[in-house]
Each structure stands twice: as structure tokens, then as C-alpha cells.
Amino acid sequence: MFNKIKKLSQKKFNKSDQHNQDNNPTNTNVVRSSRTTPTTASPLPNGESQTPAPSPSQTPNHPMFTSTPTLEVLPLLKDVSSSDRPLLFMKKAHMCSCQCDFSDTLIMPREKEIKRQTLLELVDFLHSSSGKVNETMQSELIRMVSANIFRSLPPAHYENTGAPPEGNDPEEEEPYLEPWWPHLQLVYELLLRYVVSSEIEPKTAKKFISHTFVSRLLDLFDSEDPREREYLKTVLHRIYGKFIFHRPFIRCSVYNIFYKFLYETERCIGIGELLEILGSVINGFTVPMREEHRLYLVKAILPLHKSKSISVYHQQLSYCVVQFVEKDYKLADTVIRGLLKYWPLTNCNKEVLFLGELEEVLDVTEPSEFQHCVVPLFTQIGKCLNSAHFQVAERALFLWNNEHIVGLIAENKDVIFSIIFEALEKNMKGHWNQAVHGLSENVRRMFMEMDNDLFEECEKQYQENEAKTWELLEQREMTWKRLEEAASLVAN
């Protein structure tokens with residue numbers, strides 16, 4: 001009896017062990033990487049490749065899409081009948097969700113070429129007059145695009161090396177280039193053709209180009225590959241223009257990225273491209289400008305001037321600021337005071353950038369707004385005129401080459417002459433650079449021709465102030481001499 005029970009328990013154990021082995025096969029391949037990269041396809045025995053099948057909730061309700069996508073040669077879309085074309089299109093799009101391994105050029109060359117040719121065919125199909133895409137086809141197309149472009153980005157250079165971000169110059173770093181760009185570029189081109197296509201109705205496309213999709217698209221602006229950011233800029237700009245209901249969300253999301261850059265990451269990748277989009281957006285603002293836009297100018301755009309890496313995106317930032325002033329001239333005082341608030345104290349290169357932007361802003365400033373900020377503005381310009389860095393002083397003196405700015409100065413000469421005259425005289429007497437000395441002399445002569453009586457009055461006041469200064473210095477020296485004599489008497 002005992003032997004029978006023992007034999008039965010052994011049979012049950014063997015069946016249970018066999019069941020566990022079936023559920024956990026030992027030949028499962030797990031790909032691990034030191035950094036997060038797109039999932040790579042492993043080669044099959046027949047030379048094809050495969051990727052994990054998408055979840056049932058994300059696959060079309062067709063038997064063809066229930067299996068794992070494989071890269072294989074399919075008939076051309078133009079060679080099949082119009083009734084079979086939608087199904088073939090979806091099959092090709094589903095097949096392109098499969099991603100290839102670009103870590104080695106010798107790996108999967110056939111599969112890479114098949115996917116490249118298929119993506120080219122899909123791009124041409126959307127661009128052609130016969131490229132009519134129904135809702136089911138759009139769903140599979142956007143699913144394929146999402147599978148390719150939405151991924152975890154590699155860490156920044158300083159995150160890999162352990163160096164602090166403050167010690168890295170973004171302009172000197174070599175950008176990271178995506179190895180699988182030959183496929184990624186075609187996917188972005190496909191997305192762009194889809195967005196700009198006149199055959200695609202926004203009411204239908206908004207089911208697939210959702211807020212979530214746009215948000216994930218904005219996250220990709222953190223990519224170090226400049227080619228990808230250029231495509232992202234174009235695609236997002238087209239989405240903003242076509243999908244009106246996305247506009248407030250896109251603007252708010254872009255400003256949130258600026259906040260994150262300023263107060264959290266200080267990683268400036270993609271800021272220039274986003275500002276370039278924003279420049280076009282500002283250009284389309286209606287007048288009078290809404291309070292929301294003015295608030296974002298003060299809270300999100302002007303604070304971008306305080307970053308150490310402003311040189312990377314200053315051109316786009318300056319364009320946005322000037323666009324605000326052109327749209328609403330009353331913002332000139334706000335913008336100028338914002339520049340003065342974030343004016344650099346020790347970074348001369350950054351100061352030169354600020355002076356260039358200041359000239360562009362003043363060039364579109366109305367006289368009525370200019371009067372509000374004359375004193376703090378020319379107090380700062382006077383400090384720049386006396387800068388020991390010749391490029392700062394020279395750039396400040398170049399402001400007098402602008403006819404519009406000279407006109408504004410002429411209308412407020414009573415205030416400006418008294419502020420600037422002392423700085424010009426100091427340059428004439430003691431600046432080490434001959435170019436600055438010559439430019440200061442030219443500006444001084446311009447003041448004299450503009451109003452000789454006022455010039456003589458300022459000169460007289462300057463001489464009186466100089467005399468008082470020398471008198472105070474002499475009194476101070478005499479006081480120190482008396483103290484020294486008294487100290488020597490006490491010591492003796």
C-alpha cells in the first residue's frame with residue numbers, strides 16, 4: 001500500500017515539474033543594455049525579425065494583426081486594387097512597428113532595407129493624390145509612428161561622465177546622433193505628411209493626435225540629435241496651425257518646459273527650437289493682446305535671460321521678445337525693465353548679447369513708452385560705456401549708430417545728457433582702447449551738435465563736480481596727515 005502511494009506522488013510531481021518548465025522555458029532571450037534604447041528585433045532562422053506583439057487593446061481587430069510583426073517583402077500599394085489597398089497599407093504600417101538593431105551595420109541588413117523601402121513607399125503614398133487614408137488606416141499609422149519615435153532618450157553627456165552641468169559649454173559639446181536615424185527620419189517624414197495632408201480632417205485626426213500624443217512629442221525635444229529636433233519643430237508647428245483645439249495646450253506645455261529648464265534641470269537642449277515655434281505663435285496673436293500672454297512674457301520668457309547657457313538660444317529668444325513689443329507697444333517698458341533686471345554683472349559676452357537685444361527692442365519702441373524707462377536704462381548704458389572690456393563699451397557706443405534710437409535720445413536729451421556725459425568724459429580721458437576712445441569722441445561731438453547750450457551746461461556741471469571731488473580728496477588727505485602727525489606725537 002505504501003509503495004502505491006509513493007508511485008502516485010512521483011507521477012504528480014513529474015507532471016507539475018513539466019508544467020512549470022512549459023511556462024518558463026529556458027531558451028527565452030532577454031536583451032539588456034547599459035542605457036535605455038529602443039527595443040531591437042532579434043533575427044529569426046529564416047532571416048526575418050520580430051518584436052514583442054502589442055497589447056490586444058492596441059491592435060486592430062483583424063486576424064492579420066494578432067501575430068508578431070515580421071519584416072518581409074510585401075506587394076507594392078500601387079500594384080494592388082483599391083479595395084485591397086487599405087488592408088495592405090495597415091499591414092505595412094504594422095510591419096514597420098518592428099525595430100531593427102543599429103548597434104552594428106552587419107546585423108540585419110536585409111530587414112533594415114525592407115523597412116526603409118516600406119517607409120519610403122508609405123511616405124510617397126500619403127504624398128500622392130491617391131493617398132486616401134480612412135480612420136482605421138490612420139489609427140494603425142499613428143500606432144506605428146508612436147512605436148518608433150516615443151522612447152527613452154539617452155542621458156546627457158555630463159550625466160555619463162559625472163561632470164557638473166555648469167562646467168560644460170553646450171556649444172562645444174558634440175551632439176549625440178541617433179544610430180537608427182535612417183529609419184527615424186522616414187517615420188518623422190511620414191508623420192509630417194500625415195499632419196499637412198489636406199485629405200486628413202482635423203476632426204478625425206484629433207482622435208489620434210491627442211493631448212497625450214502632443215505631450216510625448218514635446219518630451220522628445222530633449223533629444224540631443226539636432227536633426228530630430230528640427231523635424232519635431234516642423235511637426236509641432238504644423239500641428240499648432242492645423243489643430244486649433246490643441247493651441248492653448250501646446251502654449252501651456254511649452255511654458256512649463258521653460259519653467260522646468262529654469263528652476264529644475266538647466267538642460268537647454270530643445271529650448272531654441274521651442275522658442276522658434278513660439279516666435280511664429282506670437283506673430284499670430286491678436287491685438288489687443290490677452291492678459292494671459294503678457295503674464296507668460298513676464299513669468300516664462302523674460303526669465304530665460306538669466307541662464308548661463310543663453311548663447312545657445314539667444315537669437316530665438318530675442319526674436320520672441322521683439323515680437324511682443326511689435327504686437328503691443330505698451331510692453332516696451334516691461335521688456336526693457338525685464339532686461340535690466342537680469343542684466344549680467346560679470347559675464348561680458350552675455351552683456352554684449354544683451355546690448356544687441358536692447359538695440360532691437362529700442363528700434364521698435366514708441367517715444368511715449370521710452371520716457372518711462374529713460375533713467376534706469378541710460379544709467380546701465382553709462383556703466384557699459386565705462387566697461388574695461390572693450391567689446392562691451394564698443395557695443396554700447398554702437399547704439400548711437402541707430403537713427404531711431406538717436407531720435408529717441410534727442411527727444412529726451414535733457415535727462416540723458418546729464419547721465420551719459422560723465423561716462424563719455426571718463427572714456428576720453430582714461431580708456432585703454434583706442435577704438436572706444438574714438439567712438440566716445442564721436443558721440444560727444446553728436447551731443448554738441450544736437451544742443452550746444454545743453455552740452456556746455458553739462459560740461460560746466462561736470463567740471464564743478466570734478467572740482468568738488470578733488471576738494472574732497474584733498475580734505476581726506478589732509479585729515480590723514482593730521483592723524484599721522486598726532487599719532488607720531490603720542491608715540492614720542
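Sequential numbering from 1 along the given sequence is applied to the chain's residues.
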Sorted by chain and number, sequence neighbours left out, side-chain hydrogen bond (donor to acceptor under 3.5 Å, both in side chains) with Asp222 holds for Arg267
How far apart are the closest heavy atoms of [X] and [Y], and which atoms are they?
{"X": "Arg229", "Y": "Ile269", "answer": "NH1-CG2, 3.5 Å"}
{"X": "Cys96", "Y": "Thr118", "answer": "SG-CG2, 3.5 Å"}
{"X": "Ala300", "Y": "Tyr255", "answer": "CB-CD2, 3.9 Å"}
{"X": "Gln99", "Y": "Asn148", "answer": "NE2-CA, 3.8 Å"}

Is the closest side-chain heavy-atom distance between [X] and [Y] below 4.5 Å?
{"X": "Phe324", "Y": "Val321", "answer": "no"}
{"X": "Glu273", "Y": "Gln316", "answer": "no"}
{"X": "Ile310", "Y": "Leu304", "answer": "no"}
{"X": "Met446", "Y": "Val406", "answer": "yes"}
{"X": "Tyr194", "Y": "Ile209", "answer": "yes"}
{"X": "Leu424", "Y": "Ile420", "answer": "yes"}
{"X": "Leu190", "Y": "Met144", "answer": "yes"}
{"X": "Leu232", "Y": "Tyr188", "answer": "yes"}

Show your working on salt bridge (charged side-chain N to carboxylate O under 4.0 Å, His left out) between Glu230 and Lys233 and close with a plain yes or no.
-> CA-CA 5 Å; Glu230 191 67 24; Lys233 179 187 71 177; 2.7 Å; yes
Residues passing the side chain to side chain contact (heavy atoms under 4.5 Å, CB included) test with Gln391, sequence neighbours excluded, are Asn349, Val352, His389
Output yes when [X] and [Y] qualify as a salt bridge under the 4.0 Å nitrogen-oxygen rule, no when they do not.
{"X": "Glu422", "Y": "Lys426", "result": "yes"}
{"X": "Glu425", "Y": "Arg444", "result": "yes"}
{"X": "Arg445", "Y": "Glu441", "result": "yes"}
{"X": "Arg151", "Y": "Glu228", "result": "yes"}
{"X": "Glu113", "Y": "Arg116", "result": "yes"}
{"X": "Asp328", "Y": "Lys330", "result": "no"}
{"X": "Arg337", "Y": "Asp333", "result": "yes"}

Result block: side-chain N/O donor-acceptor pairs under 3.5 angstrom for residues 361-385, not counting sequence neighbours:
{"residue": "Thr365", "atom": "OG1", "partner": "Val361", "partner atom": "O", "Å": "2.6"}
{"residue": "Thr379", "atom": "OG1", "partner": "Val375", "partner atom": "O", "Å": "2.6"}

Show the atom names and distances, to 0.1 Å, of all donor-acceptor pairs under 3.5 Å that link a side chain in residues 408-418 to residues at least two apart or in another chain.
{"residue": "Asn412", "atom": "ND2", "partner": "Leu408", "partner atom": "O", "Å": "2.9"}
{"residue": "Lys413", "atom": "NZ", "partner": "Asp451", "partner atom": "OD2", "Å": "3.3"}
{"residue": "Ser418", "atom": "OG", "partner": "Val415", "partner atom": "O", "Å": "3.0"}

Salt bridge (charged side-chain N to carboxylate O under 4.0 Å, His left out): pairs with one or both residues in residues 481-492, sequence neighbours excluded = none
Using the salt bridge (charged side-chain N to carboxylate O under 4.0 Å, His left out) criterion, which residues pair with [X]? Sequence neighbours excluded.
{"X": "Glu351", "answer": "none"}
{"X": "Glu359", "answer": "Arg395"}
{"X": "Glu457", "answer": "none"}
{"X": "Lys350", "answer": "none"}

Between the side chain of Asn433 and the main-chain N/O of Phe390, is any donor-acceptor distance below 3.5 Å?
-> no
Any donor and acceptor pair, going by atom type alone, linking the side chain of Lys306 with main-chain N or O of Pro344 inside 3.5 Å?
-> no
Just checking, is any N or O donor in the side chain of Tyr296 or Arg251 under 3.5 Å from an acceptor N or O on the other one?
-> no
Test item: side-chain donor near acceptor, Gln138 and Thr204, under 3.5 Å = no
Among residues two or more places apart or on two chains, list those pairs meeting ring pair (Phe, Tyr, Trp, His ring centres under 6.0 Å) that have a residue in residues 345-366.
-> His305-Phe354, Trp343-Phe354
What pairs of residues pass the ring pair (Phe, Tyr, Trp, His ring centres under 6.0 Å) test when at least one of them lies in residues 198-223, not counting sequence neighbours?
-> Phe150-Phe213, His211-His246, His211-Phe249
Residues that Phe245 engages under ring-ring contact (aromatic ring centres under 6.0 Å, His included), provided they are two or more places apart | Phe243
Between Ile271 and Phe258, is a side-chain contact (heavy atoms from CB on, under 4.5 Å) present by the stated rule, with each step listed?
-> CA-CA 8 Å; Ile271 298 297; Phe258 293 162; 4.0 Å; yes
